[in-house]
Number of protein chains: 2
Amino acid sequence: MKLSTKGRYAVTAMMDLAINDREGPVTLSDISGWQGISLSYLEQLFSKLRKAKLVEGVRGPGGGYRLGKPADKISIANIILAVDESIDSTQCKGAEDCHAGDRCMTHKLWEDLSFRLYEFLDGITLADFIERPEIKRITIQQNSTSSQISRMFQPVALAS
Amino acid sequence: MKLSTKGRYAVTAMMDLAINDREGPVTLSDISGWQGISLSYLEQLFSKLRKAKLVEGVRGPGGGYRLGKPADKISIANIILAVDESIDSTQCKGAEDCHAGDRCMTHKLWEDLSFRLYEFLDGITLADFIERPEIKRITIQQNSTSSQISRMFQPVALAS
DNA sequence: TAATTACCTACTAAGTTACTAGGTATTATA
DNA sequence: TATAATACCTAGTAACTTAGTAGGTAATTA
């Protein structure tokens with residue numbers, strides 16, 4: 001798991017899609033205006049999201065992008081893995097220069113940590129965000145199957 | 001929270017320190033050999049870790065680096081924040097060009113997510129790694145105050 | 001037919017990563 | 001006391017990533 005501004009752009013753009021899902025496709029031009037990201041950079045990101053089947057493009061006037069599957073089937077991990085190519089995890093491929101001592105052990109420990117992080121981010125879906133009460137007030141009511149995780153997301157000041 | 005190879009280098013290096021804590025200071029030269037990272041790059045990373053008081057340097061022959069505080073007081077989040085300067089979270093500072101609609105809302109949602117991620121990584125300490133049974137076999141036994149989290153870290157194949 | 005959108009390729013400026021090279025300061029030990 | 005081993009510091013740089021510009025083509029609606 002890698003996490004950078006690129007991943008953040010993708011996640012917030014996907015949130016935009018999820019929130020506005022009922023009102024038809026969202027154009028990249030809109031997201032560009034909302035998020036202050038260049039249109040062409042968004043096109044690059046959405047090209048990857050489309051290949052990962054997380055979004056569908058709709059061409060022509062009135063077109064734009066829609067979620068590729070239900071919001072509760074799209075996890076934050078899905079989005080980040082689609083746009084942020086993963087970190088080259090091991091420099092010691094297999095066995096050659098990787099002696100049996102500390103080096104391989106810390107690599108193993110890192111892999112465990114990385115996997116737990118993946119599991120954490122895979123347990124949070126876009127649905128967990130659009131189900132938040134303050135968003136419900138703005139968007140049309142969902143048929144909320146209120147996830148356990150959504151309770152975790154209280155408004156909090158700190159960030160980044 | 002930003003997460004890149006730089007952060008991974010810092011975390012695995014700190015694991016090296018935690019694991020070898022009983023045998024005196026660990027030299028950057030050793031870590032450089034174990035991890036395949038250049039000595040000078042490690043120096044840059046450890047300069048930041050030292051400023052964050054996560055490590056102490058010991059000069060002269062037999063010197064090296066030691067943990068700056070007990071392993072159970074150093075979280076993964078501490079390490080990553082020390083070396084990876086955080087992502088510029090909001091492009092809409094305050095109010096000026098940030099209209100009340102979707103833009104600020106997704107920023108808020110991202111901040112919540114980011115904070116939850118921070119909490120997750122702050123809940124995992126170096127002690128949770130050196131308390132793992134397969135490491136205990138190699139290093140000297142700790143006076144294990146077996147954390148609840150350590151149970152989470154089972155060996156797992158997947159990574160990055 | 002015209003406008004609107006996705007979708008594609010090539011190029012580029014700015015920033016980050018990871019490294020090389022060259023030092024100085026401190027300290028254990030021979 | 002001299003030497004070696006280490007931390008600690010600065011400057012420069014090649015490779016890579018990020019985020020953008022520019023200029024298209026393809027599909028679709030009105």
Side-chain angles (χ1 to χ4, degrees), chain A residues 2-13 16-17 20 23-33 35-68 80 82-88 91 160, chain B residues 2-13 16-17 20 23-33 35-68 80 82-89 91:
Chain A
K2 187 179 167 183
L3 194 50
S4 61
T5 48
K6 194 175 180 181
R8 194 192 77 209
Y9 286 157
V11 169
T12 52
D16 278 332
L17 253 58
N20 295 294
E23 288 129 49
V26 178
T27 69
L28 293 191
S29 182
D30 281 346
I31 296 176
S32 173
Q35 308 272 354
I37 314 169
S38 85
L39 182 58
S40 204
Y41 192 46
L42 276 174
E43 283 178 341
Q44 289 175 43
L45 297 182
F46 272 76
S47 169
K48 293 184 175 185
L49 293 172
R50 195 170 55 85
K51 278 162 191 161
K53 300 201 195 288
L54 299 179
V55 301
E56 299 176 337
V58 180
R59 292 184 173 194
Y65 282 94
R66 255 198 288 252
L67 293 183
I80 289 171
V83 299
D84 267 331
E85 36 291 319
S86 62
I87 295 174
D88 52 329
Q91 295 185 313
S160 78
Chain B
K2 186 178 168 185
L3 195 49
S4 62
T5 47
K6 194 175 180 179
R8 195 192 77 210
Y9 286 156
V11 169
T12 51
D16 277 333
L17 253 59
N20 295 294
E23 289 129 48
V26 178
T27 69
L28 294 190
S29 182
D30 280 347
I31 297 176
S32 174
Q35 308 272 353
I37 312 169
S38 86
L39 181 60
S40 204
Y41 191 46
L42 276 174
E43 283 176 342
Q44 288 175 40
L45 297 182
F46 273 76
S47 169
K48 293 185 175 185
L49 293 172
R50 195 170 56 86
K51 277 163 191 160
K53 300 201 196 289
L54 299 180
V55 299
E56 299 175 339
V58 180
R59 292 185 172 194
Y65 282 95
R66 256 198 286 253
L67 293 183
I80 289 171
V83 298
D84 268 330
E85 36 290 320
S86 64
I87 294 173
D88 52 328
S89 179
Q91 295 185 315

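Sequence lines set the chain letters: A, B, ... in the order given, protein chains first and strands last, and positions in each chain run from 1. Since the structure is predicted, the reported quantities are computational estimates derived from the model, not experimental observations.
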(message) From the set C:dA28, D:dT21, C:dA6, return the single nucleotide nearest to any side-chain atom of B:Pro61.
(response) C:dA28
(message) If you define the side chain from C-beta out and look only at heavy atoms, does anything of B:Val83 sit under 4.5 Å from B:Tyr9?
(response) no
(message) B:Leu39 and side-chain contact (heavy atoms from CB on, under 4.5 Å): which single residue from B:Ile31, B:Thr27, B:Leu28 fits?
(response) B:Leu28
(message) What's the separation between atom OH in A:Tyr41 and atom NZ in A:Lys6, rounded to the nearest 0.5 Å?
(response) 5.0 Å
(request) Nearest whole angstrom, please: distance from the P of C:dC8 to the CZ of A:Phe46. (result) 14 Å
(message) Without decimals, in angstroms, what is the distance between A:Arg59 CZ and D:dT28 P?
(response) 7 Å
(request) Report the nucleotide, chosen from C:dT17, D:dT21, C:dC19, that has the shortest atom-to-atom distance to any side-chain atom of B:Ser38. (result) C:dC19
(request) Taking all non-hydrogen atoms of both residues into account, name the closest pair between A:Leu17 and A:Tyr65 and its distance. (result) CG-O, 3.9 Å
(message) For a 4.5 angstrom cut-off between non-hydrogen side-chain atoms, does B:Glu43 reach B:Ser47?
(response) no
(message) Whether the side chain of A:Glu43 and the base of D:dG20 hold a donor-acceptor pair under 3.5 Å is what I'd like checked.
(response) no
(message) Need to verify one output field. Residue with the more 5' nearest nucleotide on DNA chain D, B:Leu28 or B:Ser40?
(response) B:Leu28
(message) So, does A:Lys2 get its side chain near the phosphate of D:dT18, meaning an N or O under 4.0 Å from OP1 or OP2?
(response) yes
(request) Please figure out whether B:Gly62 or B:Val83 has its closest DNA chain C nucleotide nearer the 5' end. (result) B:Val83
(message) Just N and O in the side chain of A:Ser29: are any of them under 4.0 Å from OP1 or OP2 of C:dT4?
(response) no
(request) Please determine, for the side chain of B:Tyr41, which listed nucleotide (C:dT17, D:dA7, D:dA27) has the closest atom? (result) C:dT17
(message) Please report the distance, rounded to the nearest Å, between CG in A:Leu39 and P in D:dT18.
(response) 19 Å
(request) Determine: side-chain N/O of B:Tyr65 to OP1/OP2 of D:dT6, distance under 4.0 Å, yes or no. (result) no
(request) Could you pick out which residue, A:Gly63 or A:Ser47, lies toward the 5' side of DNA chain C when each is mapped onto its nearest nucleotide? (result) A:Gly63
(request) Nearest whole angstrom, please: distance from the C1' of C:dT16 to the CG of A:Asp84. (result) 14 Å
(message) Treating B:Asp84 as the side-chain partner and B:Ile80 as the backbone partner, does any N or O pair qualify as donor plus acceptor under 3.5 Å?
(response) no
(request) Please state how far atom CD1 in A:Ile80 lies from atom P in D:dT18, giving the value in whole angstrom units. (result) 13 Å
(request) May I ask you to evaluate whether A:Ser4 reaches the phosphate of D:dT18, defined as a side-chain N or O under 4.0 Å from OP1 or OP2? (result) yes
(request) Report the distance from atom CZ of B:Arg66 to atom C1' of D:dT6, rounded to the nearest whole Å. (result) 13 Å
(request) Taking only the side-chain heavy atoms of A:Thr27 (C-beta and beyond), determine which of C:dT5, D:dA7, C:dA18 contains the nearest atom. (result) C:dT5
(request) Could you check how far CD of B:Gln44 sits from P of C:dT16, rounded to whole Å? (result) 14 Å
(message) So, does B:Arg50 get its side chain near the phosphate of D:dC9, meaning an N or O under 4.0 Å from OP1 or OP2?
(response) yes
(request) Can you figure out which of D:dT18, C:dA18, C:dC8 approaches the side chain of A:Lys6 most closely? (result) D:dT18
(message) Expressed as a whole number of angstroms, how long is the span from B:Leu42:CG to C:dC19:C1'?
(response) 11 Å
